[in-house]
Undergrad: 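I am attaching a structure below and will ask some questions about it afterwards.
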Amino acid sequence: MLQFKHEDRQYNSDSENITLHEVIKALGLDNKKVIAAKFNGELSDLSRIVSTSGEVDAITIDSPEGLEILRHSTAHLMAQAILRLYPGSHFGVGPAIKDGFYYDVDVAGTITEDDLPKIEAEMRKIAGAGEKVSRSDMTKDEALKFFQNDPYKTELITDIDAPTVSVYKQGEYADLCRGPHVSDASKIHNFKLLSIAGAYWRGDEHNKMLTRIYGTAFATPDELKEYIRRMEEAKLRDHRKLGKDLDLFSLHEEGPGFPFFHPKGMAVMNTLIEFWRREHIKRGYTEIKTPQILDRELWVRSGHWDHYRENMYLTEIDEKTYAIKPMNCPGSILVYKTQLRSYRDLPMRLAELGCVHRHEKSGVLHGLMRVRCFTQDDAHTYIEPSKIREEVTAIMELDKYFYTNVFGFKYTVELSTRPDDSMGTDEQWNEAENALREALESTNTPYTINPGDGAFYGPKIDFHLEDCIGRTWQCGTIQLDFQLPGRFDVTYIGEDGAEHTPVLIHRVVFGSVERFMGILIEHYAGAFPYWLAPVQIKIIPIADSHLDYARELQNAFMNQNLRSEIDTRSEKLGRKIRDAQMQKIPYMLVVGDKEKENHTVGVRERSKGDLGSMSLDEFMNVLSKEFNPLR
RNA sequence: GCCGGUGUGGCUCAGAGGUAGAGCAGCGCACUCGUAAUGCGCAGGUCAACAGUUCGAAUCUGUUCACCGGCUCCA
């Protein structure tokens, strides 16, 4: 007799051949949402026949695990449809991912975006017909024979480190797959194919490029609709579109990857930088500026020539090779070395808003997020080895203040360890990695480990901010460097009167000021908070006769370092307000006869609407209540 | 860099071998207006670049460039 349990329920079966679905029914767990099972903690098909006792759970379509299975099965359904429409196609891998699924296909012929509806229709046909899905387990040899005409599956099977594999069949289509899957395709209703792209087989750029088709599936039609709505919302927040609409920056064929910042974009960037400077001065940083172009020899010495050359732009001056700097560290080191340093000078925190150039492959450029020239809000801290934890902790506090308190971001932290292409000994790396780990653990910071993703000179802590579509962007980083100080003979005189080598900490908060601005544009959907807004106040005269008064007001604002504009067009009030709203300007001041006479302003706030008339002093008081980290 | 797609006035887009179109923005004129689009008029493009096919190319072909979606890489 077999015994099945679920929490306090129990079912005893006389049969030694019972499917999990039957058990789930017997336990009273079945309903329409059930699409898979869990047996002793292992996800399984409903059709799986069990011959031992155990713990049983039903997986429903609306659970995270169920949704993943649904999407995975939808990927298979898509593959079957593609096989029908493009016979002879081969399939690579087709997993469920964060918001859907994809399948990499070596298509017999070509598939374009226009073909997606056709494939979708075929999928609905197959699902409507209730195509059954069945699993068979076979040995690797049997599987190799089964897939002998499929180079991709053959490669996958060969690499699998298990004696047996499973194959899922639905109609004429069969796929190597761990499963589980829905028991028949009619369970799949709410799906959509989204886009098409190239993807290298097994993610290796030396391999053949397959056609990747992205899609998604949800438990209910409403969730699918909501997802599509969210994608549209994300499109509206796209910083490239808003950058154009709000006149912040532009990109030109004449300088791919080199953004042009317009006056309004610079107003935002300068405000960010002003804030950044203040916070750094408060925390004991001083600022330097080092040259854009430096001798090749410097980069050889720093190791960049060996480890970073393909990203560097080179130039020639008087028949000598120079490099346009891709990083600020060597310049900082030269500044440090201009004097003999004492342990009393440490930690020495040299900050630099350095503009660095890096050659990025043409296909990766993306608005402000991925460019070939950007401003790092860099700082290099020279420190006694015993002070690492303390200093790293202080930087993490600074990061938290910026990200959470000022900008309201969620972020995650990653510890990246030694990469293949790196300098230094294992001992140095272990020491450096342990120092970072201790800093993270002593501050109870949750983190994940990203093996092999450190810089070539040391391990690092990375801060990833999440944007409105759930993409994450690496912004801050804290990198320990036990290499460069040695390479450049960087020293300080210790308390003992002897020469010592300091540890170098590289760190950024914004990362790239340009990228950070891009993230902020999307984060705020272009509606910058008052303190950052490129135009804080729009003065709207009702008629031309109020222009003089408007100019008077603007002068008052200029004296207070407030950014204001006057709408001088001879348009109707409604039009001027509409345009100011669309520019997402925080405050609109309507001035007409009444205001001019009483020396007041009619205040309209972009989201609260009309706040009524008040004196200039009263308005200034309203402004003083706005969040402003610069005060 | 690779795969696929797209390049038409400042912006959004129509036109698919036979003398370049619309709306918005701009400019001019009228209106001088009270909280999300006043009306009329004018001007604006070697149709991404280069080569080819053709009597004739924005339209067909090729090459290049840029952009978009991904892959690889990354702040």
Side-chain angles (χ1 to χ4, degrees), chain A residues 102 104 106-107 110-115 194-214 235 238 240-241 244-245 247 250-257 308 310-311 326-327 354 356 358-378 453 455 460 462-465 473-477 479 506 508-516 518-519 540-547 569-583 588-595 602-606 609-613:
Chain A
Y102 67 79
D104 286 347
D106 187 355
V107 187
T110 51
I111 294 179
T112 69
E113 207 113 344
D114 298 336
D115 298 320
L194 300 170
S195 63
I196 208 158
Y200 300 110
W201 165 237
R202 310 196 95 179
D204 186 333
E205 61 180 319
H206 303 294
N207 286 344
K208 179 166 181 172
M209 172 116 4
L210 307 178
T211 303
R212 174 171 295 181
I213 302 170
Y214 284 94
K235 223 172 174 176
D238 190 317
R240 293 165 300 185
K241 176 167 172 47
K244 201 180 273 181
D245 292 349
D247 196 17
S250 56
L251 292 156
H252 302 264
E253 285 203 14
E254 291 83 349
Y308 208 70
E310 76 263 27
N311 286 304
M327 293 189 194
V356 296
R358 299 180 181 178
H359 181 69
E360 299 290 347
K361 291 176 179 177
S362 59
V364 306
L365 302 177
H366 181 95
L368 297 181
M369 304 297 199
R370 194 70 186 274
V371 294
R372 287 178 171 154
C373 166
F374 59 96
T375 311
Q376 282 186 309
D377 62 321
D378 219 339
D453 206 40
K460 55 177 185 170
D462 290 327
F463 296 78
H464 296 260
L465 303 197
W473 295 98
Q474 187 185 317
C475 291
T477 149
Q479 308 184 348
H506 311 244
V508 289
V509 189
F510 294 145
S512 148
V513 182
E514 289 80 355
R515 173 192 281 182
F516 197 79
I519 296 169
I540 303 179
I542 286 176
D544 291 352
S545 59
H546 310 119
L547 271 169
R569 299 173 302 173
S570 71
E571 284 290 349
K572 289 177 71 175
L573 175 61
R575 177 51 178 277
K576 293 180 184 177
I577 284 176
R578 180 187 149 82
D579 288 347
Q581 285 284 158
M582 303 238 293
Q583 288 291 304
M588 285 152 267
L589 298 187
V590 176
V591 292
D593 287 338
K594 204 170 72 191
E595 285 76 14
V603 179
R604 182 186 165 95
E605 201 272 342
R606 68 181 161 197
D610 193 351
L611 301 182
S613 266

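Bear in mind that the values here come from a model prediction, so they are computed numbers and not experimental data. Order of the sequence lines sets the chain letters (A, B, ...), proteins ahead of strands, with each chain counted from 1.
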Undergrad: Now, which nucleotide makes the Watson-Crick or G-U wobble pair with B/G9, with each of the two distances under 3.5 Å?
TA: none

Undergrad: If you look at every strand shown and take non-hydrogen atoms under 4.0 Å, does A/E514 touch a base, only sugar-phosphate, or nothing?
TA: nothing

Undergrad: Using atom P in both nucleotides, what's the gap between B/A14 and B/A57 to the nearest angstrom?
TA: 24 Å

Undergrad: Report the C-alpha separation of A/E514 and A/T375 in whole Å, then their side-chain angles, then the decisive distance to 0.1 Å, and conclude whether the side chain to side chain donor-acceptor pair (under 3.5 Å) test is met.
TA: CA-CA 7 Å; A/E514 289 80 355; A/T375 311; 2.8 Å; yes

Undergrad: Using a 4.0 Å heavy-atom cut-off to protein, can you give one letter per nucleotide of nucleotides 2-16 of chain B, 5' to 3': B if the base is in contact, S if only the sugar-phosphate is, - if neither?
TA: BB---B----S----

Undergrad: Can any side-chain N or O of A/D462 pair as donor or acceptor with the backbone N or O of A/C475 at less than 3.5 Å?
TA: no

Undergrad: Roughly, in whole Å, what's the span from CG in A/L365 to C1' in B/U72?
TA: 14 Å

Undergrad: For B/U38, give its Watson-Crick or G-U wobble partner with both distances under 3.5 Å, or none.
TA: B/A30

Undergrad: Using the P atom in both, what is the distance from B/A58 to B/G9, to the nearest Å?
TA: 14 Å

Undergrad: What distance, rounded to whole Å, do you find between the two P atoms, one in B/C68 and one in B/C11?
TA: 14 Å

Undergrad: Taking A/R515 for the side chain and A/M369 for the main chain, is one N or O donor matched with an acceptor at less than 3.5 Å?
TA: yes

Undergrad: Determine whether a donor-acceptor pair (N or O, by modelled atom type, separation under 3.5 Å) exists between the side chain of A/R212 and the backbone of A/A197.
TA: no

Undergrad: Under 4.0 angstrom, heavy atoms only, what part of the nucleic acid is A/Y102 near: base, sugar-phosphate, or nothing?
TA: nothing

Undergrad: Using the six-membered base ring of B/A75, report whether A/F374 stacks on it, requiring centroids under 5.5 Å and planes under 30° apart.
TA: yes

Undergrad: Do side-chain atoms of A/K460 reach the backbone of A/A455 as a donor and acceptor pair under 3.5 angstrom?
TA: no

Undergrad: Does OP1 or OP2 of B/A75 have a side-chain N or O of A/Y308 closer than 4.0 Å?
TA: no

Undergrad: Measure from the side-chain heavy atoms of A/R575 and tell me the nearest of B/A66, B/C33, B/C24.
TA: B/C24

Undergrad: Give A/G592 one of three labels, base, sugar-phosphate or nothing, depending on what nucleic acid heavy atoms sit under 4.0 Å from its own.
TA: base

Undergrad: Under 4.0 Å between any heavy atoms, over every strand shown, what does A/D204 touch: base, sugar-phosphate, or nothing? Just pick one.
TA: nothing

Undergrad: Contact class for A/V356 (heavy atom, under 4.0 Å): base, sugar-phosphate, or nothing?
TA: nothing

Undergrad: Taking OP1 and OP2 of B/G69, is either one under 4.0 Å from a side-chain nitrogen or oxygen of A/R240?
TA: yes

Undergrad: Determine the Euclidean distance between corresponding P atoms of B/U54 and B/U46; express it in Å to zero decimal places.
TA: 27 Å

Undergrad: For B/G4, what is the paired nucleotide under Watson-Crick or G-U wobble rules, both distances under 3.5 Å?
TA: B/C68

Undergrad: With rounding to whole Å, what would you report as the distance between B/A25 and B/U63 at their C1' atoms?
TA: 36 Å

Undergrad: Quick one: label A/R212 by what it contacts on the DNA or RNA (base, sugar-phosphate, nothing), any heavy atom closer than 4.0 Å.
TA: sugar-phosphate

Undergrad: For the side chain of A/V371, counting heavy atoms from C-beta on, which of B/A75, B/U38, B/C33 is nearest?
TA: B/A75

Undergrad: With respect to the side chain of A/A543, which nucleotide from B/G1, B/U32, B/A36 is positioned closest?
TA: B/U32

Undergrad: Tell me if a side-chain donor or acceptor on A/D378 pairs with a main-chain N or O of A/G354 at a distance below 3.5 Å.
TA: no

Undergrad: Could you tell me whether the side chain of A/E595 has a donor or acceptor atom within less than 3.5 Å of a complementary atom in the base of B/G34?
TA: yes

Undergrad: In whole angstrom, give me the gap between the P atoms of B/G39 and B/A51.
TA: 46 Å

Undergrad: Look at the side chain of A/Q376 and the backbone N and O of A/V513, then say whether any donor-acceptor pair between them is shorter than 3.5 Å.
TA: no

Undergrad: Pick the nucleotide of RNA chain B nearest each of A/R358 and A/K576; which residue has the one closer to the 5' end?
TA: A/K576

Undergrad: For A/E205 and B/G70, what is the distance between atoms CD and P respectively, to the nearest whole Å?
TA: 19 Å

Undergrad: Could you check which of B/C71, B/C73, B/C33 has an atom nearest any side-chain atom of A/Y214?
TA: B/C71

Undergrad: Is the distance from OP1 or OP2 of B/A75 to the nearest side-chain N or O of A/Q376 less than 4.0 Å?
TA: no

Undergrad: Of A/H366 and A/C373, whose closest RNA chain B nucleotide lies nearer the 5' terminus?
TA: A/H366

Undergrad: Any donor-acceptor pair under 3.5 Å joining the side chain of A/R370 to the base of B/C73?
TA: yes

Undergrad: Got A/I196 and A/T112 here, is their nearest side-chain heavy-atom distance under 4.5 Å?
TA: no

Undergrad: With P as the reference atom in both, quote the distance from B/G23 to B/C40 in angstrom, rounded to an integer.
TA: 11 Å

Undergrad: What are the two closest heavy atoms between A/Q581 and A/E605, and how far apart are they?
TA: OE1-O, 4.4 Å

Undergrad: For nucleotides B/U35 and B/G26, find the distance between their P atoms and express it as a whole number of Å.
TA: 22 Å

